[in-house]
Structure formats: C-alpha cells, structure tokens
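Beneath this line is the structure, given in structure tokens, with notes to follow.
Just so it is clear: chains get the letters A, B, ... in the order the sequence lines come, proteins before strands, and each one is counted from 1.
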Amino acid sequence: MVKWSDFERAAIQDIFSKIDYDVVGRAAFSRCLIVYPWTQRYFGSFGNLYNAAAITSNPKVAAHGKVIMAGLEKALTNMDDIKTTYKDLSVLHSEKLQVDPDNFNVKLFSFYCLTIVVAGQMGAAFTPEVQGAFQKFLAVVVASLRKQYH
Amino acid sequence: MSLSDKDKAAVKALWAKAEGKAAEMGGEALGRMLVSYPQTKTYFSHWGDLSPQSAKVKKHGAVIMGALGKAVKGIDDLTGTLAALSELHAFKLRVDPANFKILGHNIVLVLAMYFPADFTPEVHLSVEKFLQNVALALSEKYR
C-alpha cells in the first residue's frame, strides 16, 4: 500500500485540476512519439507519423492522448489502490498490446514527457516538491501497469 | 545516436539563449534531482543541507552548467572536451553513470520550464541526444 502525505495528495490533485487534459494529453503523447521515435512501433494504425508536424496534427494522436489522461484520472480517483484499479490495464498492455514495459519507465518516455508538458503549463507553481509528488504518483502508476507482466 | 548537424545547431541555438540563466537553471535542476530522486543524495551527503535553496546546491548546479556550456562549445569532440571530467567522475567521484540520465532529465525539465516556446519536441529531441552523448563521454574513462 502506497502512503501519500497530505502534501502529496494535495499537490497531485492540484496538478490535475489545473491542467487541460486535451492539450496536455496530446502534447505529451506527441512529444513522446517525436523524442522517442521507436515508440511509434505500437501505433502502426495511426496513419501519418512521418515527422513532428504530422505527429502534432494527427487526430489519432490527439485522441490517444485523451485516452492516456483518462487512464491517469482513474489512478487519481483511486490513489489509495492504484494497483487494483490498474489490473485490467496492466493485462491489456502486457497481453494484448505487448508493450515493452520499459516504455512506462518514469525516467524515460511518455510519462517523462508528461512531466515536461505539465511543468511547462504550470510554470513556477511546479516546484521541486510538487515535481517530487507528481513523479511519485507516476512511479506508482508505472509499477501498477507493470504488475501483471510475467 | 550520434548528433546530426541539425542537432548541434539546435543545441547551440538554445544554449545561446539559455546561457545567461545557466547558473540559475543548474541550481534548479540539481535541486529538483535531489528532491525527486532521493537516492542521488548519497553523493552529496557531506553537504548537510540538500534542499533546493541551499547555497551549496545552487553553486554546484552552476558548476555543472558551466561544464555543459564547455561541452556545447566542444560539441564536435565531446570525448576530448570531457576527458578530464570523465576521469574525475570515474576515479574520484565514482558516480554510477546511470545517474547521468537522471540529472539530464532534470536539466531537460528546467529548460522546458524556462523556455517553453523554444523547447519544442524537435529541440527537446536534439537536447536529449546531446545530453546522452555527454553522458557517454563522461562514462568514457570508467572501465
């Protein structure tokens, strides 16, 4: 069971209340596809991902950004048991989508890009302590997504 | 993932803009790393105060960014430019090279916060490649 301090809980709720899900989801996901182009392997059906301009204007990318944010919101509303909340999502990613779990790594890839986009949006309000809380949240999300891999 | 001419140009252009604030950003990045990745504190335990506001953290952040500035200038030969620093990190500081990525992450984050309009995904890509190459050059003397 993950323990959240009052500060962490408040900081994470605050971040999600302040960000525009559509804008952030799309920006983070497209940034991920651009900066780590090998992640495109999982999105063969998305059409034109040929260059940065194509990716940022691709409607399927925008739509999937929203899906990711919706998934994160589930974790947000179930912060005390993200592991159980994500059981089906974990199975989906491991068995159906067969995503290399390294892709979820907070130090890299999509959640790192999310941190960057959120930081850009929040500016000075994204203090080091808030960053710490957000990264802890994402680390729990990542661990829960990896849970069902074997 | 070696640096193309486009990458080098992007890094140089961003650095030209960022240089004035480099010291401040370095302190910010180091401070953030110590808060968000507490395992990195072990390398600085002799400093006492490891909060982002600590004078030692800010000063050392500036030192790091100064070295990065040199790396930008010597971008065509990072191994050569960073040889002495590589020896320092390998033999004296004995920093696990896995940590270079972590600090790099925080430098990228701070760049994105200070220059949101300039830090497009394409510039981000070039900067990440640059930092990855810096990390590689810094690891050169380890074994």
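Exactly one residue among B:Ser36, B:Pro52, B:Ser51 makes a side-chain contact (heavy atoms from CB on, under 4.5 Å) with A:Glu129. That residue is B:Pro52. Partner of A:Val35 under the side-chain contact (heavy atoms from CB on, under 4.5 Å) criterion, out of B:Glu128, B:Glu122, B:Lys129: B:Glu128 alone.
Within a 6.0 Å radius of CG in B:Asp77, more than 12 heavy atoms belonging to other residues, nucleotides or ligands are found. Within 6.0 Å of CG on B:Asp49 lie more than 12 heavy atoms contributed by other residues, nucleotides or ligands. Within a 6.0 Å sphere centred on NZ of A:Lys136, other residues, nucleotides and ligands contribute more than 12 heavy atoms. Surrounding NZ of A:Lys66 are at most 12 heavy atoms belonging to other residues, nucleotides or ligands under 6.0 Å away. Residue-environment remark: CG (A:Asn51) exceeds the threshold of 12 foreign heavy atoms within 6.0 Å. The 12-atom threshold is exceeded at CZ of B:Phe91, counting heavy atoms of other residues, nucleotides or ligands nearer than 6.0 Å.
Shortest non-hydrogen contact noted between A:Ile34 and B:Pro121 is CD1-CB, 3.6 Å.
Inter-residue side-chain proximity for A:Gln131 and B:Met113 is flagged as unmet; no heavy-atom pair is nearer than 4.5 Å.
Contact annotation for A:Ser30: neither backbone nor side-chain heavy atoms come within less than 4.5 Å of a heavy atom of chain B. Using a 4.5 Å cut-off between heavy atoms, B:Met1 contacts chain A through its side chain alone, with no backbone atom that close. Neither the backbone nor the side chain of B:Ser126 comes within less than 4.5 Å of any heavy atom in chain A. For chain A, no part of B:Phe115 is nearby; none of its heavy atoms comes within less than 4.5 Å. Within the 4.5 angstrom heavy-atom criterion, no atom of A:Phe134 approaches chain B.
To the nearest 0.5 Å, atom OH of residue A:Tyr112 and atom NZ of residue B:Lys101 are 10.5 Å apart. Rounding to the nearest 0.5 Å gives a distance of 7.0 Å between CG of B:Leu109 and OG1 of A:Thr115.
Each of A:Val67 and A:Tyr21 belongs to its own hydrophobic cluster when Ile, Leu, Val, Met, Phe, Trp and Tyr are linked at side-chain heavy-atom distances under 4.5 angstrom.
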